[in-house]
Every structure is written in structure tokens, then in C-alpha cells.
Amino acid sequence: MLLIGFPALAFATNCYVVAPAPGEQCLVVDPGIGVLDQLQATLREHRLKPAAVLLTHGHLDHVFSVTPVCTSGDDGELPAYIHGDDRYRLHDPVELLEPQLRAALQAQFPGPWREPSDVQMLRDHEHLDLAGLGVDVLHAPGHTEGSAMFGLTGVPDGVAVDASRTMLSGDVLFAGSIGRTDLPGGDHQAMQRSLRDVVLPLADDTLVLPGHGPATTMARERATNPYLQGLS
């Protein structure tokens with residue numbers, strides 16, 4: 001499996017490109033703010049053709065470039081996948097920001113928001129077959145109502161860890177931390193349930209690729225992440 005990740009220009013949101021191999025179709029996960037140049041360079045380098053966009057949740061720093069990516073193909077607009085509980089956020093995630101932050105972002109990254117034309121709503125435990133990849137959807141609310149994680153069989157080529165599965169965790173789980181729950185739509189109790197019922201059952205040999213920051217493993221997080229301690 002080919003997987004390339006790189007941070008966006010704002011908020012260091014990780015954008016991921018996943019494909020079975022170079023020269024194949026691919027999935028773009030969480031195309032954030034200012035990622036288009038790096039994304040296009042990655043696609044050219046590895047001769048990849050996007051088939052769909054996956055969104056772990058609807059915060060602006062994870063969805064800012066979703067429509068440009070969806071409209072960049074030669075065969076019509078690509079579908080964007082998001083959990084149904086976060087679908088409303090795609091109507092205009094800019095308007096959901098605090099006024100000061102909204103003004104700052106609009107000054108640096110101008111242009112009106114336009115949501116994707118083809119939005120597919122995900123369900124918990126749904127299995128997707130896209131771009132030659134099998135993707136398992138795990139609904140894990142708390143950071144937002146519709147936060148989700150995406151599971152893939154296998155690990156990226158060249159990754160030197162003892163793992164058999166990859167989890168794109170969005171802003172549910174980070175290396176040593178978790179997503180904040182004090183933003184609109186966040187829910188501390190829901191996050192606790194997601195950590196207990198969705199995250200902790202993941203196998204230790206799961207490679208975790210978060211929405212921000214470095215990769216980690218479930219074995220490491222189970223042993224060291226303070227937010228996972230004491231949950232049962």
C-alpha cells in the first residue's frame with residue numbers, strides 16, 4: 001500500500017494520499033488549507049488519479065480544499081465521503097468559525113466557500129471498496145458529532161513498525177493526546193465513550209495516522225496516552 005502524508009499550510013492538518021500502488025487510483029483524506037500544490041505534486045510524482053475524498057470530520061482545517069480536489073478530475077466531480085452527523089458542516093464551515101478567526105482565514109485564503117456536489121454520507125461500521133482499497137468506517141463522536149476513523153488492512157510500504165493494520169484517526173486520537181471537545185459540536189462524554197468503545201478495542205499492532213502530529217501505534221498509546229488510562 002502506498003500512503004503519503006503531509007501537513008497543510010494552516011493548523012498543520014495532515015492530508016493523506018492512499019493507493020494500492022504507484023500508477024493507480026487513490027483516495028485523498030482530509031485535504032485542508034493550502035494543500036493543493038503539494039497534493040498535485042504528490043499525484044504527479046506517483047502517477048496517481050484520485051477516485052474519492054474521505055473526510056474524518058467537518059472542521060474547516062480538514063475540509064477546506066475538498067471541493068477543488070473533487071472538481072480536479074477529468075471524469076466529472078469526485079464524491080466526498082463524510083459521516084452523516086457532520087454533513088451539515090459542509091454547507092459552509094467558514095461560517096461556523098469564530099468571527100476573528102474567520103476574518104483572518106478569509107484574508108489569507110480568500111474566495112467563497114462552495115460545498116462538493118456529490119456528498120456521500122457514511123455510517124458506523126460501513127465497509128467501502130474504493131480505488132482498489134477496502135476502508136472500514138468507525139464512528140467516534142466527541143471531537144465533533146460525526147467524527148470518524150478509517151481502517152485499512154496492511155500498512156504503508158516502507159513503514160518500519162510491527163503492525164498489520166492502519167487507522168486514519170482524524171482528530172479522535174493523537175500521539176499522546178486526543179482531540180479537543182470544547183468546540184461547537186464537541187462532547188466530552190461522547191469522546192470518553194468513543195475512546196472506551198471504539199479506540200481501546202483496536203489491536204495493539206494498529207498503526208495510527210492522526211489528523212495532526214506524528215504517527216503512533218495502539219500499543220504505544222495504550223501504554224502511554226494519559227487520556228486512555230483508566231477507561232474500561
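Just so it is clear, the model here is predicted, and its values are computed rather than measured.
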Tell me whether [Y] is reachable from [X] by hopping between hydrophobic residues (I, L, V, M, F, W, Y) whose side-chain heavy atoms are closer than 4.5 Å.
X	Y	answer
Phe64	Val66	yes
Leu173	Leu138	yes
Tyr227	Val199	yes

Do the side chain of [X] and the main chain of [Y] share a donor and acceptor less than 3.5 angstrom apart?
X	Y	result
Ser65	Pro68	no
Gln25	Ala51	no
Asp171	Gly179	no

If you define the side chain from C-beta out and look only at heavy atoms, does anything of [X] sit under 4.5 Å from [Y]?
X	Y	value
Ser147	Pro141	no
Pro156	Thr166	yes
His83	His57	no
His46	Ile4	yes

Please give me the minimum heavy-atom distance between [X] and [Y], naming the atom from each residue.
X	Y	value
Ala21	Leu48	O-CD2, 3.6 Å
Asn225	Gln229	O-NE2, 2.9 Å
Glu145	Tyr88	OE2-OH, 2.9 Å
Cys15	Pro31	SG-CA, 3.9 Å

Inset, instruction - Can you measure from NE2 (His188) to NE2 (His143) and round to the nearest 0.5 angstrom? - result: 15.0 Å

Inset, instruction - Give, for atom OG1 of Thr42 and atom CD of Gln38, the distance between the pair rounded to the nearest 0.5 Å. - result: 4.5 Å

Legend entry - Connected-component partners of Leu183 among ILVMFWY, side-chain separation under 4.5 Å: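 ILVMFWY cluster around Leu183 holds nothing else.
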
Legend entry - Connected-component partners of Val137 among ILVMFWY, side-chain separation under 4.5 Å: Met1, Leu3, Tyr16, Val18, Leu27, Val29, Leu54, Tyr81, Leu122, Leu128, Leu130, Leu133, Val135, Phe150, Leu152, Val155, Val159, Val161, Leu168, Leu207, Leu209

Just wondering, more than 12 heavy atoms not from [X] lying within 6.0 Å of its [atom1]?
X	atom1	value
Phe6	CZ	yes
Asp124	CG	yes
Asp157	CG	yes

Legend entry - From Val208, Leu202, Asp205, Asp136, residue fulfilling side-chain contact (heavy atoms from CB on, under 4.5 Å) relative to Arg165: Asp136

Inset, instruction - Run through Asn14, Thr144, Asp30, Asp86 and flag the one making a side-chain hydrogen bond (donor to acceptor under 3.5 Å, both in side chains) with His62. - result: Asp30

Inset, instruction - Apply the test side-chain contact (heavy atoms from CB on, under 4.5 Å) to residues Met167 and Met218: give CA-CA distance (whole Å), side-chain angles for both, the deciding distance (0.1 Å), then the verdict. - result: CA-CA 9 Å; Met167 187 64 63; Met218 269 308 299; over 6 Å; no

